[in-house]
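Heads up: the structure comes next, in structure tokens.
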Amino acid sequence: MKSGKTHTNRLAQEKSPYLLQHAGNPVNWLPWGEEAFAEARERDLPIFLSIGYATCHWCHVMERESFENHGTAELLNRYFIPVKADREEHPDLDRLYMTYVQASTGRGGWPMSVWLTPDLQPFYGGSYFPPEDRYGMPGFGTLLRSIAELWSNDPARIKAAAAGFFEQIALTAQTPSQSSAIPGNAAENGCFEWLQYAYDPSWGGFGPAPKFPRPALITFLFSYAARNANREAASMALYTLRRMAEGGIHDHIWSTGKGGGGFSRYATDARWHVPHFEKMLYDNAQLAVSYLDAFRMSGERYYASVAENIFNYVLHDLRSPDGGFYSAEDADSYPEHGSTEKKEGAFYIWSLEELRQLPIETAALELFILVCGIDPDGNVREDPHGEFDGKNVLMHLMAPEKAAKLAGVPADKAIASIDTVRELLYLKRLKRPRPFLDDKIITSWNGLMISALSQGFNVLGNHEYLDAARKATDFIFDRIYREKEGTLLRRYRDGEAAIPGKAEDYACFIRGLLDLYQASFEERCLEYAQRLCDKQNELFYDDKSGGYFSTASTDTSVPARLKEEYDGAEPAAASVSVRNLLDIAAITGNDAYRDMAEQCLKACSGILSERGNALPLMLTALDYARKGGLQATVSGDMPSDKLREILQILYARYLPDMTVQHISATNVTKPTITLCRNRSCMPPVSSPEELRQLLDTIR
């Protein structure tokens with residue numbers, strides 16, 4: 001029996017879209033916080049902690065099956081203190097308990113379900129649980145009854161068994177590295193060898209299905225290729241990016257200047273074909289940079305067009321009127337107006353019959369069908385639950401030029417026909433119910449997007465990208481930054497900025513400021529980047545062992561402080577921070593920042609040496625720290641068409657360890673660029689031809 005959403009619980013007072021989705025459950029949810037902890041202590045009941053996010057498909061499934069069920073709700077309300085938390089608002093909390101779940105079960109994922117003692121120690125956990133026993137898993141109701149009985153019979157035994165988790169976490173986080181030196185070439189070589197082993201030569205990517213776009217690996221491969229003249233590394237990255245762009249994980253329906261496009265979170269299959277359809281800001285921001293790097297590395301315009309497609313999506317579908325960027329769009333939506341049940345991917349999938357209804361010539365439609373792999377029975381091969389019967393997830397199965405040859409038409413005419421069908425489908429799709437928009441604005445994710453847009457302007461010269469990066473930066477300073485304290489908050493939504501900023505918020509926003517400085521040469525960007533870096537070091541840096549805690553020393557909302565040591569879907573704060581420190585040192589000449597970067601690298605030396613594939617982004621910073629970066633000093637009036645021309649030549653090259661700074665110079669009649677490496681400078685150049693010749697000598 002399901003609730004009619006008539007019940008209202010404590011979550012109705014929250015701002016998180018994820019928590020608000022559960023405000024109508026018959027479960028007496030409380031948000032993570034002292035109110036819930038006090039009730040657990042007073043009633044001596046275990047806490048059931050459920051962590052997820054607003055656009056999570058399986059979170060929606062578990063809500064429908066269990067949290068809307070009155071019988072299940074009665075169990076939760078009687079025997080537990082039910083608590084909800086949004087992992088995107090509290091990533092450090094999520095990371096803490098995910099560490100427990102992964103250690104105790106060997107896997108993790110969302111929704112995350114963890115049972116805690118009243119003093120917040122975990123004693124049982126998992127992810128999704130079905131309502132009844134199936135899939136070889138205990139049913140959620142069965143589990144609730146068993147845990148309730150165990151707690152009722154001997155709570156002291158459970159508490160004793162759970163004790164010590166936080167102490168072990170703290171001990172692990174504060175154990176200093178045994179190395180007094182940063183690792184050598186073997187660390188990077190080891191990561192590359194792991195990637196060679198895990199690489200899928202058929203479809204690209206690393207490891208079996210499900211496949212996640214992990215941009216940090218792409219960044220490492222391009223950097224490794226550039227430093228070592230390694231064609232295999234570049235080839236692996238380029239092929240992976242092309243296969244991803246051809247797959248269904250990439251939204252092939254867009255209209256330039258209007259919206260659509262972008263990438264979904266991950267693919268359920270090895271071919272990148274069938275995604276879980278949620279689209280996340282952080283994925284698209286990092287992938288835009290990956291495709292820009294691919295363009296610079298290969299010179300192929302194809303990769304630039306994919307980056308432009310991502311920017312088109314983010315600027316038109318994820319940008320708030322005030323300039324900040326929203327978090328995500330959901331995987332699930334109503335198939336049509338008036339539907340009462342959402343379906344996964346309903347906004348994105350097509351039947352052949354729907355395509356036949358388009359007002360276009362049959363020949364043009366047949367070309368589109370050929371290119372995008374449309375099948376009358378549906379083109380999803382692996383569909384165990386029959387969710388996509390008769391439906392097609394669009395992909396690029398065949399190059400338009402090949403389809404044109406098969407059809408006996410000129411290639412340019414075929415491409416124009418395919419674009420026409422795409423435009424018609426875009427307009428048709430606008431009439432469908434749109435997926436839910438998670439409209440909270442996260443500081444770290446906006447920092448990643450500011451960085452991507454700034455680099456997009458540098459590489460592609462599109463001023464819309466630079467303007468959008470500036471407006472997003474202004475938004476954060478106006479709404480989320482606290483000038484008096486010099487601190488960042490993490491989340492803004494519905495007029496409220498809240499939640500103390502995490503290490504990743506500082507690191508990623510500083511990254512955005514540094515890249516915006518190198519695109520605009522606005523001094524305030526550099527000044528605030530340095531100021532925020534100092535504040536980050538004050539709040540998060542571990543003076544004893546090196547590295548950064550995820551949670552600030554002043555933040556009491558999480559029972560233990562962890563260090564993130566994995567560049568996964570999002571980069572680890574430490575990896576971003578090391579590069580930030582090195583860049584600030586290079587631009588300002590203050591070696592104290594470089595010394596701190598090297599201390600971080602030493603603190604992570606064990607991981608980098610033994611399993612560098614966990615921190616591929618930090619490995620690129622390691623290479624930079626060990627071999628020295630390339631500093632470009634630019635003099636000349638800003639803005640200037642001549643200066644922009646010479647800068648575009650500089651930014652068109654893939655130079656992963658380059659920093660660029662602008663200096664004011666009197667009596668400068670034409671722009672000049674001076675390149676230096678390891679405190680040794682080359683003669684300044686002033687013309688595009690001279691710069692090209694000089695860059696040809698640099699690796």
Side-chain angles (χ1 to χ4, degrees), residues 102 182-247 249-250 263 265-272 282-283 286-298 300 303 306 564-572 574-576 578-579 601 604-627 654-657 699:
Q102 290 176 328
I182 62 176
N185 292 338
E188 296 147 80
N189 293 339
C191 181
F192 178 62
E193 289 166 6
W194 180 87
L195 287 166
Q196 284 178 305
Y197 174 79
Y199 180 63
D200 179 352
S202 298
W203 299 101
F206 306 93
K211 281 186 174 175
F212 292 80
R214 194 176 160 200
L217 294 176
I218 301 297
T219 299
F220 169 80
L221 283 170
F222 282 144
S223 177
Y224 189 85
R227 279 291 200 181
N228 299 282
N230 189 302
R231 293 184 179 180
E232 183 183 1
S235 176
M236 289 161 62
L238 291 170
Y239 186 69
T240 295
L241 291 173
R242 182 174 284 274
R243 281 300 198 180
M244 284 171 50
E246 292 171 345
I249 191 175
H250 182 201
F263 281 77
R265 176 72 197 90
Y266 67 96
T268 61
D269 63 325
R271 301 190 304 152
W272 303 104
Y282 60 78
D283 281 322
Q286 294 175 90
L287 285 170
V289 175
S290 294
Y291 282 97
L292 290 171
D293 287 346
F295 171 52
R296 288 191 285 188
M297 175 65 78
S298 68
E300 295 181 43
Y303 295 105
V306 180
E564 171 66 352
E565 296 176 336
Y566 184 71
D567 294 323
E570 301 171 57
S575 295
V576 180
V578 170
R579 178 61 193 251
L601 291 168
C604 295
S605 62
I607 297 174
L608 294 174
S609 298
E610 296 167 15
R611 47 187 180 91
N613 55 290
L615 289 170
L617 203 61
M618 191 179 287
L619 283 176
T620 66
L622 167 66
D623 189 72
Y624 175 6
R626 193 175 60 247
K627 299 176 182 175
Y654 180 73
L655 299 166
D657 60 352
R699 192 176 74 188

Measuring from [X]:[atom1] to [Y]:[atom2], what's the distance to the nearest 0.5 Å?
X      : Y      : atom1 : atom2 : value
Trp272 : Tyr266 : CH2   : OH    : 12.5 Å
Leu238 : Phe295 : CG    : CZ    : 12.5 Å
Glu232 : Gln196 : CD    : CD    : 4.5 Å
Ile182 : Cys604 : CD1   : SG    : 12.0 Å
Tyr282 : Arg265 : OH    : CZ    : 4.0 Å
Lys627 : Leu622 : NZ    : CG    : 9.0 Å

Kindly write out the residues that satisfy ring pair (Phe, Tyr, Trp, His ring centres under 6.0 Å) with Tyr199, not counting sequence neighbours, or none if the list is empty.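 Ring pair (Phe, Tyr, Trp, His ring centres under 6.0 Å) list for Tyr199, sorted by chain: Phe206.
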query = Among all residues two or more places apart in sequence or in another chain, which pass the ring pair (Phe, Tyr, Trp, His ring centres under 6.0 Å) test with Phe220?
reply =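 Result, ring pair (Phe, Tyr, Trp, His ring centres under 6.0 Å) vs Phe220: Tyr224.
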Item checked: Audit row: Asn613, Glu193, side-chain contact (heavy atoms from CB on, under 4.5 Å) steps and yes/no -> CA-CA 9 Å; Asn613 55 290; Glu193 289 166 6; over 6 Å; no
Please examine the side chains of [Y] and [X], heavy atoms only from C-beta on, and report whether any two atoms are closer than 4.5 Å.
X      : Y      : answer
Asp623 : Asp657 : no
Leu241 : Ser290 : yes
Phe192 : Glu188 : no
Gln286 : Phe263 : no
Arg579 : Leu617 : no

Of all the heavy-atom pairs spanning [X] and [Y], show the shortest one and how long it is.
X      : Y      : value
Ser575 : Asp567 : OG-OD1, 2.9 Å
Ala572 : Leu615 : CB-CD2, 4.2 Å
Ile249 : Ala267 : CD1-N, 3.9 Å
Tyr654 : Thr219 : OH-O, 4.0 Å
Leu619 : Cys191 : CD1-CB, 3.4 Å
Pro215 : Pro213 : CD-O, 3.1 Å

Distance under 6.0 Å and angle within 45° of ring axis: Arg242 vs Tyr303: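 The answer is yes; both the distance and angle limits are met.
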Practice prompt. Please answer whether the main-chain N or O of Pro183 pairs with a side-chain N or O of Arg626 as donor and acceptor at a distance below 3.5 Å.
Written response: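 Yes; judged by distance alone, with no hydrogens or angles, the pair exists.
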_Main-chain N/O of Gly204 paired to Thr240 side chain as donor or acceptor, under 3.5 Å_ =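 Answer holds: no.
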- [ ] Taking only Lys NZ, Arg NE, NH1 and NH2, and the carboxylate oxygens of Asp or Glu, determine whether Asp200 and Lys211 approach each other closer than 4.0 Å.
- [x]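 Yes, this pair counts.
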